[in-house]
Student: 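First the structure, then my questions, so here it is.
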Amino acid sequence: MIDPRAEAVLLRSAGAEGGGWQDRTAEVGAYRVDGDRTLVRFGRSDTTYRYGVGKVLVLRRPQQAVLSDGMWVEVHGRRIRDATAAYRFSGSAGTWVRIFWGRGAGEAHRLFPEQAVRISGGVEQTPRAADVMAYWRKIVAALPVGKDGPNPLQYPYSQLGAVHPDSVLARYLRGEPIGGGEPCAAAIFPFSSNVSQRSAVETALRSPVSVIEGPPGTGKTQTILNIIASLIAQPGLSVGVVAFSNSAVDNVREKLEKAGVGYTVANLGREEKRREFYGGQAARNSTVEEMLAAPPAEPPDPVEVTALGRELESLQRSEWALAALRRDAAAHRLEREHFEEFLRGQTAPDLGGLPLLRRSSSTMLDLLAEMAVEMRRPRGFQWFRDLRRWFKYGSLRGLRAETTDVVLALQRAFYDRRIEELDAEIAAHEQTLRDGDLRGLLGRHRELSVRVFHAGLRQRYQGRRRVEHPVGASRRDFRTFSADYPVILSTCHSLRGSIGEDQLLDYLIIDEASQADLLTSALALASCRRVVVVGDERQLPPIIEERAAEAAAPPAAPYDYRSHSILSALRQLYGEQLPVTLLREHYRCDPAIIDFCNEKFYGGQLIPLKPGPPAERPMVLVRTAEGNHMRQFSDGGRVNQREIDVIVNEVLPELCAGVPGAEIGITTPYRRQGDQLTTALRSRGIESDTVHKYQGREKRVVIMSAVLDDTASGRRGVQFADDARLVNVAVSRASERFILVTGHRMLPTSRNLRDLMGYIRYRDPAQLVDSAIVSVFDLLYRDYSARLRPLAERLRGDIAQRSEDIVWTVVRELLDREPYLGFKAVPQVLLRHLVPAGADLSEREAEFVRRGSSVDILVYNGITRVPLLAIEVDGFAFHADSPVQRARDALKDRILGGIGLPLLRLPTTGSGEAELIKAALDRALERTA
């Protein structure tokens, strides 16, 4: 017999692969070339066959490739799992590769055209990938056994041998660049869309790895559906969807079924879901036949769709601007309400009839800035300044900033004028949207997208015979199966088992990715060529097995099981190279509710677009009676019966009247408190659960029980209950009203919950408690400071001013860092704005405040508007070398001390300002946390 490792005998046969050549090496006993003919003896027979020129091809002296463990061998896209060797033969009929697989008596071989064969080095043969996989496998081996047997990760990891070199997991393990290029499919939007969602879909279709940051209520599911539609409208493409919770995947399935395209979906998660899927094929096939039998809709003109998309984006950006204006107007109205409360008992002259009141609000701020600078300048040439001011502002009837009374009157006028301007801008934008018919345009764009979508589905199924796939077909013949069912729903654990260990989806969408741990996510990444990771790092992280995490140390930070979800891991690995799209438009919550999350956690990037008027008292703070009411159990559980009683007897009847029980949710950081509430509310149909269980859900009204009190045990629990992601999730579940129930002292050692309480109290002045300090007028100083600093720099160039600029720069840089994010700073804040009208001041102190003294820089909490720290920059000649100024400084120190506002003085002759400011900010943190 011919040695298949040394020679190959091919006979030309019509229809055989490789251009008509067929491998017959295993059958040939011997051969001899005789002139223009080749004599071939098959097997042990004595019969010899003669073949003419071009009918027989003998290939000799191959190049040998011995295959090591972990190498990837693939023929026509199908992996040969136990390949042992490969031999490359070349000749006039091209290049061929003989692959051997199996061992001993079970060894087999076959010859393939080279273009059908792919042999590549194993992913785990690269050092980093090998180290990461070894690290993960150690953790998996250490995972505890559950009541139902071994941990669900252990079996799939035992089956995860060689990693497909084209998979996202291979890219991630090797740290390969993301790259990108032309989109693999045209973006369509049959499930409607907004500006951010369209950008997210287009980015996902261009990039092999992309992230969609989906804060609460921003339409993550809608975006996922549009990605799916764009992919499956392209015949041949497949897409999988997995998520941390079954409800998220079921939501996608239900939406596709509602849209009439449920026949594209294979729900292959748990065993019962697989049985249900395979048993329902006949009905789905009938739906496909009905779809194909219906008259096809005329495909839309691509030019019209493109033009419509541009027009829609322009109008939706106007909608963004309108939302920002409404938010700004509401904020100014609220701040004016606080300002009017502050003015009670104050003296402010009547400005009626002043021409300035008919000018813009920015003109009023210009005058205020000039007055502020004038109060710090010599009195000479006043006549000249009055004349120049008359030309700029009109008659001011002798108004001068000799006291802050005039300033307060102008500031009141500023609020009124600014609100008038904002209302006018709002009306203009509303008219623009009405004229442009935004709703009609959205409907038209969606209608055209639906037509494109259905045309793509018709093309996918046209000419294909309907079959009922046998159970397990998704594993055995995934290509044929996915042509009929291009949308695969599964879990991260079972995806590889659902489609076959060596098959790849064209796309995978991982929803709720902030809760998906690395071990689980890696299994899913092994089964896809491209991935779209959808989640929100500002929501709850994955729950990990701490003891298992101690089994090994991570070889590199982006692969650390303990520290990362798949979302945060990709961010750390790729940094700025990672394509990330933030969904900005928010539709769920009342603007007052989401504005807390927006300012506290999202840097003000969200755009509240919830339709309808704002709710009445959307955020409420309820404090229990004085006393420590929390009880901690030996297992770590905590219960606060007083908060339960307040919720049952006061909050529900008084603040939730008329709201059906099914639309009320009660949440808490602690499982035992949730169970106690469930027992107390069993007959009312009101659901109570932990914050972790509420992620991804919403209720009209959400009540949060903080549980903790001010005992030592309560303070020890603050780190868990005060977690920023937990607070973000709890608040953003409520669409109409959020109610926080907490102890009388309001958790003084917390930071995020304290900010939440301060925010609620600021939003509802009726809930304000007596305070020795007035809230900072944030909007007033925001715009005022933008004018004051450039003006002061032009008019003053002394050392003190330059020193103040340096300190201002240091403060701003510090406030951009953790843990000071959320703090703000403004310059030249009047003492009169910080001292309440009823403060206990001596006559001299009161006059000092009234005459316009200010602090150089004020740092305050941007969420609660509470002042935290005053900073004074003291020039040597003006302060240390001036007895008069030293007396004024002492007076200011006493006033600020009397209202409890810390003061940091920085001499211009000193050094180490950054360290001193940082230490003062740290002390401010301790007082607010």
Student: Are the side chains of V533 and I212 in touch, meaning some heavy atoms are under 4.5 Å apart?
Tutor: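 When only atoms from C-beta onward are counted, I212 and V533 do not touch, as no gap falls below 4.5 Å.
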
Student: Please determine if E257 and R253 form a salt bridge, counting it only when a charged side-chain N lies under 4.0 Å from a carboxylate O.
Tutor: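 Answer for the salt bridge query: yes.
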
Student: Rounded at 0.5 Å granularity, tell me how far CD1 in I703 sits from CD1 in I664.
Tutor: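 So the gap between those two atoms works out to 6.0 Å.
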
Student: Under the side-chain hydrogen bond (donor to acceptor under 3.5 Å, both in side chains) rule, collect the residues that match up with T520, sequence neighbours excluded.
Tutor: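 Result, side-chain hydrogen bond (donor to acceptor under 3.5 Å, both in side chains) vs T520: D517.
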
Student: How far does SG of C492 sit from CD1 of I566, to the nearest 0.5 angstrom?
Tutor: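 Interatomic distance, C492 SG to I566 CD1, rounded to 0.5 Å: 9.5 Å.
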
Student: Using every non-hydrogen atom in the two residues, find where Q673 and S705 come nearest and quote the distance to one decimal.
Tutor: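 Heavy atoms of Q673 and S705 come nearest at NE2-OG, 3.0 Å.
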
Student: Could you tell me whether the side chain of V211 reaches within less than 4.5 Å of the side chain of T581, counting heavy atoms only?
Tutor: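 Contact flag for T581/V211 side chains = no.
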
Student: With a 4.5 Å heavy-atom cut-off, do L523 and L160 have their side chains touching?
Tutor: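 Counting from C-beta outward, L523 and L160 do come under 4.5 Å.
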
Student: Do L153 and L143 come close enough that some side-chain heavy atom pair is under 4.5 Å?
Tutor: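 In contact.
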
Student: Roughly how far apart are L609 CG and E585 CD, rounded to 0.5 Å?
Tutor: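 One finds 6.5 Å between CG of L609 and CD of E585.
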
Student: State, without any angle test, whether R270 and T491 hold a side-chain donor-acceptor pair at a distance under 3.5 Å.
Tutor: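 No donor-acceptor contact under 3.5 Å links the two side chains.
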
Student: For R642 and G627, indicate whether the former's side chain and the latter's backbone hold a donor-acceptor pair under 3.5 Å.
Tutor: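 No: the side chain of R642 does not pair with the backbone of G627.
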
Student: Less than 3.5 Å apart, any donor N or O on the side chain of D723 or Q719 sitting next to an acceptor on the other?
Tutor: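 No donor-acceptor contact under 3.5 Å links the two side chains.
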
Student: Do the side chain of S521 and the main chain of L518 share a donor and acceptor less than 3.5 angstrom apart?
Tutor: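 Judged by distance alone, no pair lies under 3.5 Å.
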
Student: If I compare all heavy atoms of A734 with all of C589, which pair ends up nearest, and what's the gap?
Tutor: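 Scanning both residues, the minimum pair turns out to be O-SG, 3.1 Å.
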
Student: Given 3.5 Å as the limit, does a donor-acceptor pair link the side chain of S565 with the main chain of L567, or not?
Tutor: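 Checked: pair present.
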
Student: Of all residues at least two apart in sequence or in a different chain, which pass the ring pair (Phe, Tyr, Trp, His ring centres under 6.0 Å) check with F244?
Tutor: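 In terms of ring pair (Phe, Tyr, Trp, His ring centres under 6.0 Å), with neighbours along the sequence ignored, F244 is linked to no residue.
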
Student: After noting the C-alpha distance and the side-chain angles of T668 and M704, does the key distance pass the side chain to side chain contact (heavy atoms under 4.5 Å, CB included) rule?
Tutor: CA-CA 6 Å; T668 175; M704 181 180 181; 5.9 Å; no

Student: If you draw a 6.0 Å radius around CD in E272, do more than 12 non-hydrogen atoms from other residues or ligands fall strictly inside?
Tutor: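 Yes, because the 6.0 Å sphere around CD of E272 holds more than 12 heavy atoms from other groups.
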
Student: Could you label the plane-to-plane angle of the F720 and Y670 rings as parallel, tilted or perpendicular, counting under 30° as parallel and over 60° as perpendicular?
Tutor: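 Correct class here is tilted.
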
Student: What's the separation between atom NZ in K600 and atom CZ in R538, rounded to the nearest 0.5 Å?
Tutor: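 Going from the NZ atom of K600 to the CZ atom of R538 covers 13.0 Å.
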
Student: Which heavy atom of L606 sits nearest to which heavy atom of P215, and what is that distance?
Tutor: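 Taking L606 first and P215 second, the nearest heavy atoms are CD2-CG, 3.7 Å.
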
Student: Return yes if a side-chain donor-acceptor contact under 3.5 Å exists between E537 and S514, otherwise no.
Tutor: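 No, because no side-chain N or O of E537 sits under 3.5 Å from a partner of the opposite role on S514.
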
Student: Grab the two heavy atoms, one from V145 and one from P150, that are nearest each other, plus how far apart they are.
Tutor: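 That would be CG1-N, 4.0 Å.
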
Student: Is P216 close to Q539 at the side-chain level, that is, under 4.5 Å between some pair of heavy atoms?
Tutor: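 Yes, at least one pair of side-chain atoms sits under 4.5 Å.
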
Student: Looking at L169, I510, L508, I509, which one forms a side-chain contact (heavy atoms from CB on, under 4.5 Å) with C528?
Tutor: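 The side-chain contact (heavy atoms from CB on, under 4.5 Å) with C528 is passed solely by L508 among L169, I510, L508, I509.
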
Student: Before accepting this row, confirm whether a basic side-chain N of the pair R671/D689 lies closer than 4.0 Å to the acidic partner's carboxylate O.
Tutor: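 Salt bridge flag = yes for D689 with R671.
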
Student: Look at R617 together with D764 and state whether they make a salt bridge at an N to O cut-off of under 4.0 Å.
Tutor: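 Between D764 and R617 there is a salt bridge, with a charged N closer than 4.0 Å to a carboxylate O.
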
Student: Hey, are N194 and S196 close enough side-chain-wise for a donor-acceptor pair under 3.5 Å?
Tutor: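 Short answer, no.
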
Student: Any ion pair linking K220 and E512 (charged N to carboxylate O, less than 4.0 Å)?
Tutor: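 No, this pair does not count.
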
Student: In Å, rounded to the nearest 0.5 Å, how long is the span from CG of L708 to NE2 of H629?
Tutor: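 Between L708 CG and H629 NE2, I get 13.5 Å after rounding to 0.5 Å.
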
Student: Do E687 and K699 sit within salt-bridge range, that is, some charged N less than 4.0 Å from a carboxylate O?
Tutor: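 Salt bridge between E687 and K699, a charged N being under 4.0 Å from a carboxylate O: yes.
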
Student: Indicate whether the side chain of T624 and that of E643 have a donor and an acceptor atom separated by less than 3.5 Å.
Tutor: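 Checked: T624/E643 side chains show no N/O donor-acceptor pair below 3.5 Å.
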
Student: Using a distance-only test with no angle check, is there a side-chain donor-acceptor pair under 3.5 angstrom linking Y602 and D536?
Tutor: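 There is such a pair (donor and acceptor under 3.5 Å, judged by atom type) between the side chains of Y602 and D536.
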
Student: For A706 and L740, which heavy atoms make the closest approach, and how far apart are they?
Tutor: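 So the minimum-distance heavy-atom pair works out to CB-CD1, 4.5 Å.
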
Student: Specify whether Y559 and Y172 have parallel, tilted or perpendicular ring planes, treating 30° as the upper limit for parallel and 60° as the lower limit for perpendicular.
Tutor: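 Because their plane-to-plane angle lies in the 30° to 60° range, the rings of Y559 and Y172 count as tilted.
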
Student: Go through the side-chain N and O atoms of Q572 and H564 and say whether any donor and acceptor fall under 3.5 Å apart.
Tutor: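 There is such a pair between these side chains.
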
Student: Is the shortest distance from a Lys or Arg side-chain nitrogen in R562 or D560 to a carboxylate oxygen in the other one below 4.0 Å?
Tutor: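 Judged by the 4.0 Å cut-off on N to carboxylate O distance, R562 and D560 do not form a salt bridge.
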
Student: Please give me the minimum heavy-atom distance between P152 and H493, naming the atom from each residue.
Tutor: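 It is CB-CD2, 3.7 Å.
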
Student: Tell me whether E654 at atom CD has more than 12 heavy atoms from other residues, nucleotides or ligands lying less than 6.0 Å away.
Tutor: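 Enclosed.
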
Student: Can R327 and D595 be counted as an ion pair, charged N to O under 4.0 angstrom?
Tutor: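 Salt bridge between R327 and D595, a charged N being under 4.0 Å from a carboxylate O: yes.
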
Student: Is there side-chain contact between Q605 and L582, with heavy atoms separated by less than 4.5 Å?
Tutor: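 A side-chain contact exists here, since the closest heavy-atom pair is under 4.5 Å.
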
Student: Does the side chain of S247 pick up a donor-acceptor pair with the side chain of S245 at under 3.5 Å?
Tutor: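 Yes, a side-chain donor-acceptor pair sits under 3.5 Å.
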
Student: Determine whether Q515 and Q695 satisfy the following criterion, side chain to side chain contact (heavy atoms under 4.5 Å, CB included), listing intermediate values before the conclusion.
Tutor: CA-CA 10 Å; Q515 291 186 283; Q695 181 153 314; 3.0 Å; yes

Student: Would you check, one step at a time, whether the test side chain to side chain donor-acceptor pair (under 3.5 Å) holds for S494 with S490?
Tutor: CA-CA 7 Å; S494 61; S490 187; 3.0 Å; yes

Student: Kindly indicate, with the supporting measurements, whether the criterion side chain to side chain donor-acceptor pair (under 3.5 Å) is fulfilled by R274 and S498.
Tutor: CA-CA 9 Å; R274 297 186 190 190; S498 297; 3.0 Å; yes

Student: Could you tell me the separation between the CD1 atom of I228 and the OH atom of Y507, rounded to the nearest 0.5 Å?
Tutor: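 These two atoms lie 12.5 Å from each other.
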
Student: Got a salt bridge between E698 and R588, using NZ or NE/NH1/NH2 to carboxylate O under 4.0 Å?
Tutor: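 Result for this pair is yes, salt bridge flagged.
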
Student: With respect to V651, which candidate in V701, V620, I666, V646 satisfies the side-chain contact (heavy atoms from CB on, under 4.5 Å) definition?
Tutor: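 The side-chain contact (heavy atoms from CB on, under 4.5 Å) with V651 is passed solely by V646 among V701, V620, I666, V646.
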
Student: Taking only residues two or more places apart in sequence or in another chain, which ones pass side chain to side chain contact (heavy atoms under 4.5 Å, CB included) with D922?
Tutor: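 If we apply the side chain to side chain contact (heavy atoms under 4.5 Å, CB included) test to D922, skipping adjacent residues, the hits are Y820, K918, L925.
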
Student: For R571, is there an ion pair with E213 - N to carboxylate O distance below 4.0 angstrom?
Tutor: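 R571 and E213: salt-bridged.
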
